[in-house]
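This structure is a prediction, so every number in the text was calculated from the model and none was measured. Just so it is clear: chains get the letters A, B, ... in the order the sequence lines come, proteins before strands, and each one is counted from 1.
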Amino acid sequence: MRLSQYFAPTLREDPPERDIPSLRLLLKGGYIRRIAAGVYTFLPLGFAVYKKVENIVREEMNRAGGIEILMPALNPAELWEESERWHTFGPELFKLKDRTGRDFCLAPTHEEVSVELVRWAVKSYRQLPLLIYHIQTKFRDEPRPRGGLIRAKEFVMKDLYSFDRDEKGLDVSFEKMRLAYERILKRLRLPYLVLEAEAGPIGGKYTLEFTVPTPSGEDEVVLCRSCGYASSRSIAQRGDVDVDEGEEVPLGKVHTPGLTTVQEVTSFLSVSPSRIVKTLLYMADGKPIAALVRGDRELSEGKLALFVGAKALQMADEETIRRLTGAPMGFSGPVNLKEKVFIVVDKEVVKMRGVVTGANEEDFHFVGVVPGRDFPISLVADIALVNSGDPCPKCGSTLEIIRGIEVGHIFKLGTEYSEKMGAYFQDEDGSLKPFVMGCYGLGVSRLVSASAEVHHDEDGLCWPPSVAPFDLIIILVNAQDKQQREIAEGIYSQLSSIMSVLYDDREESPGVKFKDADLIGIPLQVVVGRKVKEGLVEIRVRKTRESKDVALEEIEEKALSLWEKIRAE
RNA sequence: CGGGGCGUGGCUCAGAGGUCCAGAGCGCCUGGUUCGGGACCAGGAGGUCGGAGGUUCAAAUCCUCUCGCCCCGACCA
């Protein structure tokens, strides 16, 4: 491709969004263009990278036994009513009506459509397992789009749905997908972590999250460098900590006028925040629960929901708090609650003696509270959010918190959707059974961003060969120079037959061409400049900056050998 | 949805009631020079200052409302 006839509108100045390197470089390099918050056009270069990523994903899905289809983005409401997600998915679901007033949504995921398809087409265990997938545009009305392609309102996802006879079959399908995901990420040259995570609105019993570690990622990951334990922070566990157990003293009440925050109370009583216990009230599937964590910690709602088996966990509102405690917000405690409340105590708190809690009375706190003595314990669990420095639950060494981009998430769904939507097959023994499902999402457009995030330097992008928009760029230094032009043209036609080549034949000054080449980040660069007089051109590797003068007649051989070399890295 | 910030030629921004108030640099067009790291000279095109309303003799500039975008948080495959 001749750059003079291509469409790669690079920017000279940095776009204002400079916080996330991948977004800045994709915009500056003419890869993508924003048309609204979280909505992007892929320009030719970006689309080229996208297609390469998509193709790797497709190849690995097919290799793992997936069968490609294409489901519609526009979904009728009735299907979503069947799964109940028309109401439970929340405001992220884009809803719309057709001209007759019939309700539709723009699908954010395709469990419903795939179940509808399979319950129609698959009647016998003989047809199982079935793994169907598509690569398609998804819509989510994100409250806050961010990072360009990283969190968009419209994005492309590969989603595969597995249908099996039983749990054992599901395990096999799940494992196939796990391996396929690892192969994909390796081919993309992306470092990744496989995390245990929470399921979110998709549901399911067991999930793994594939996360690319990068400082600008928006997900927090708890990581143990010594044993490799890795988990999404929202549900990460922590080992046992030595706590200051305190002494068993009698319960007392103190006047704490207007002091509602941990900080206010602890400084007023001159105690450390680790000696106060926060009582957080929640409604779990309509039932009240109290969660107790140390004052210097945060509660993990994910873990709490997991331990109490709650589907919908919501912080109690002001009114509910008054009803349960008889006091306004800020004075809640586990002692003398007005109603029967399920009390979940963090494993650290249960060891503590003589702590401070709210007194369930306006302007009062209790001191000397002892769990078990002064209030009943319904459940002891690890419900506090992990902080960096906490001990690893597996090996006890120190946990770290890093950031990452979640690029894939795979779920063992079980029979939830099949049962809700009436999707049954006949098993060998003649009985009707619900399909046992799994679903496996991979953010294709997000992978483009993640790749840019990992593969760049201060001058621009440095694509790995597997996703680069072109293999090699020819830089014609002086387009006015007849000899340079002829030689560049020759190399262009010669190399084009063995690799994909972008030829910068523009009448631009050398500086512009070099800057653009580095910015765009094509792996190999061939510079046709003044050394042609000596029969030499220069070939260089974008990423490492290594550079060699090569005789004209050797350029093809050299380009190929360098290509093989960087491809193997 | 809370908090903060920003909307002025294609891009990055300056201008904070009037008279150099519609500007600069980059980009773009014409002509010429140049050609190994975002060249130079000359000429030129291009904006109802996000929108609506208001204050004023006078509004990019002050006020109100509104829309959009960015960042932090809440939320979230």
A.B. asks: Find the partner of rA59(B): check Watson-Crick (N1-N3 plus N6-O4 or O6-N4) and G-U wobble (N1-O2, O6-N3) distances, both under 3.5 Å, and reply none if neither fits.
C.D. replies: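 In the structure as shown, rA59(B) has no Watson-Crick or wobble partner.
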A.B. asks: Roughly, in whole Å, what's the span from CZ in R540(A) to P in rG37(B)?
C.D. replies: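 In whole Å, rG37(B) P lies 10 Å from R540(A) CZ.
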A.B. asks: Classify the ring geometry of Y192(A) against F210(A): parallel below 30°, tilted from 30° to 60°, perpendicular beyond 60°.
C.D. replies: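 Ring orientation of Y192(A) relative to F210(A): tilted.
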A.B. asks: Only counting residues at least two apart or in another chain, list the ones meeting ring pair (Phe, Tyr, Trp, His ring centres under 6.0 Å) with F174(A).
C.D. replies: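 Ring pair (Phe, Tyr, Trp, His ring centres under 6.0 Å) check on F174(A) returns Y206(A).
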A.B. asks: Less than 4.0 angstrom from a charged side-chain N to a carboxylate O is my criterion; do E84(A) and K420(A) meet it?
C.D. replies: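 Judged by the 4.0 Å cut-off on N to carboxylate O distance, E84(A) and K420(A) do form a salt bridge.
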A.B. asks: Please give the nucleotide sitting opposite rU48(B) as a Watson-Crick or G-U wobble pair, both distances under 3.5 Å, or none.
C.D. replies: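 Pair assignment: rU48(B) / none.
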A.B. asks: In whole angstroms, how far is the P atom of rG37(B) from the NZ atom of K531(A)?
C.D. replies: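 To the nearest whole Å, that distance equals 12 Å.
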A.B. asks: Base, sugar-phosphate alone, or nothing: which one does K158(A) contact when heavy atoms must sit under 4.0 Å apart?
C.D. replies: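 Counting heavy atoms under 4.0 Å across all strands, no contact is made by K158(A).
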A.B. asks: Side chains of S162(A) and Y440(A) only: does a donor on one sit below 3.5 Å from an acceptor on the other?
C.D. replies: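 Their side chains do contain a donor-acceptor pair, which is all the 3.5 Å distance test asks for.
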A.B. asks: With heavy atoms under 4.0 Å as the rule, sort D516(A) into base, sugar-phosphate or nothing.
C.D. replies: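 Base contact - D516(A) has a heavy atom under 4.0 Å of at least one base atom.
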A.B. asks: rC21(B) pairs with which nucleotide, Watson-Crick or G-U wobble, both distances below 3.5 Å?
C.D. replies: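 Its partner: none found.
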A.B. asks: Considering all heavy atoms of both residues, which atom of L25(A) and which atom of G460(A) are nearest to each other, and what is their separation?
C.D. replies: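 Here L25(A) and G460(A) meet closest at CD2-CA, 3.8 Å.
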A.B. asks: Please produce a list of atom pairs where a protein N or O lies less than 3.5 Å from an N or O of nucleotides 26-34 of chain B.
C.D. replies:
unit_1, atom_1, unit_2, atom_2, d
rG27(B), OP1, R12(A), NH1, 3.1

A.B. asks: Using whole Å, what does the distance between atom C1' of nucleotide rG37(B) and atom CD1 of I520(A) come to?
C.D. replies: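 Going from I520(A) (CD1) to rG37(B) (C1'), I get 15 Å.
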A.B. asks: Could you write out each protein N or O paired with an N or O of nucleotides 1-4 of chain B at a distance under 3.5 Å?
C.D. replies:
none

A.B. asks: To the nearest angstrom, how far is D504(A) atom CG from rG36(B) atom P?
C.D. replies: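 That distance rounds to 14 Å.
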A.B. asks: Across all strands shown, which nucleotide pairs with rA16(B) by Watson-Crick or G-U wobble geometry, both distances under 3.5 Å?
C.D. replies: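 None - no nucleotide pairs with rA16(B), as no candidate has both distances under 3.5 Å.
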A.B. asks: Could you check which nucleotide pairs with rC40(B) in any of the strands shown, counting Watson-Crick or G-U wobble with both distances under 3.5 Å?
C.D. replies: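 In the structure as shown, rC40(B) has rG32(B) as its Watson-Crick or wobble partner.
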A.B. asks: Please work out if E142(A) contacts a base, only the sugar-phosphate, or nothing of the nucleic acid, heavy-atom cut-off 4.0 Å.
C.D. replies: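 It contacts nothing in the nucleic acid.
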A.B. asks: Is there a donor in the side chain of E453(A) and an acceptor in the side chain of S216(A), or the other way round, less than 3.5 Å apart?
C.D. replies: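 Checked: E453(A)/S216(A) side chains pair up, N/O donor to acceptor below 3.5 Å.
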A.B. asks: Between D518(A) and R545(A) (salt bridge meaning N to carboxylate O under 4.0 Å), is one present in this structure?
C.D. replies: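 The answer is yes: the pair qualifies as a salt bridge.
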A.B. asks: Would the number of heavy atoms belonging to other residues, nucleotides or ligands and lying under 6.0 Å from CD of E319(A) be above 12?
C.D. replies: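 No, not enclosed.
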A.B. asks: Within 45° of the six-membered ring axis of W80(A) and under 6.0 Å from that ring's centre, is NZ or CZ of K95(A) located there?
C.D. replies: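 Geometry flag: not set, cation outside 6.0 Å or 45°.
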A.B. asks: Any strand counts, and the cut-off is 3.5 Å on both contacts for Watson-Crick or G-U wobble. Which nucleotide pairs with rG7(B)?
C.D. replies: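 Partner of rG7(B): rC67(B).
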A.B. asks: Among rC35(B), rC70(B), rC72(B), which nucleotide sits nearest the side chain of R146(A)?
C.D. replies: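 Given the options rC35(B), rC70(B), rC72(B), the side chain of R146(A) is closest to rC72(B).
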A.B. asks: At 4.0 Å (heavy atoms only), tell me whether F210(A) reaches a base, stays on the sugar-phosphate, or touches nothing.
C.D. replies: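 No contact.
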A.B. asks: Please pick, from rC70(B), rG38(B), rC76(B), the nucleotide with the shortest atom-to-atom distance to any side-chain atom of R151(A).
C.D. replies: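 The answer is rC76(B), which lies nearest to the side chain.
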A.B. asks: Mind telling me if rA14(B) is syn or anti? Syn here is a glycosidic angle within 90° of 0.
C.D. replies: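 rA14(B): anti.
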A.B. asks: Taking a pair as Watson-Crick or G-U wobble with both distances under 3.5 Å, which nucleotide is matched to rG73(B)?
C.D. replies: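 Answer to the pairing question: rC1(B), which forms a Watson-Crick or G-U pair with rG73(B).
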A.B. asks: I need the CZ-C1' distance between R403(A) and rG73(B), as an integer number of Å.
C.D. replies: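 Whole-Å distance recorded here is 12 Å.
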A.B. asks: Taking all non-hydrogen atoms of both residues into account, name the closest pair between L79(A) and E112(A) and its distance.
C.D. replies: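 Result for this residue pair: O-CG, 3.6 Å.
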A.B. asks: Base, sugar-phosphate or nothing for D518(A)? Non-hydrogen atoms, less than 4.0 Å.
C.D. replies: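 Since a base atom lies under 4.0 Å of D518(A), the category is base.
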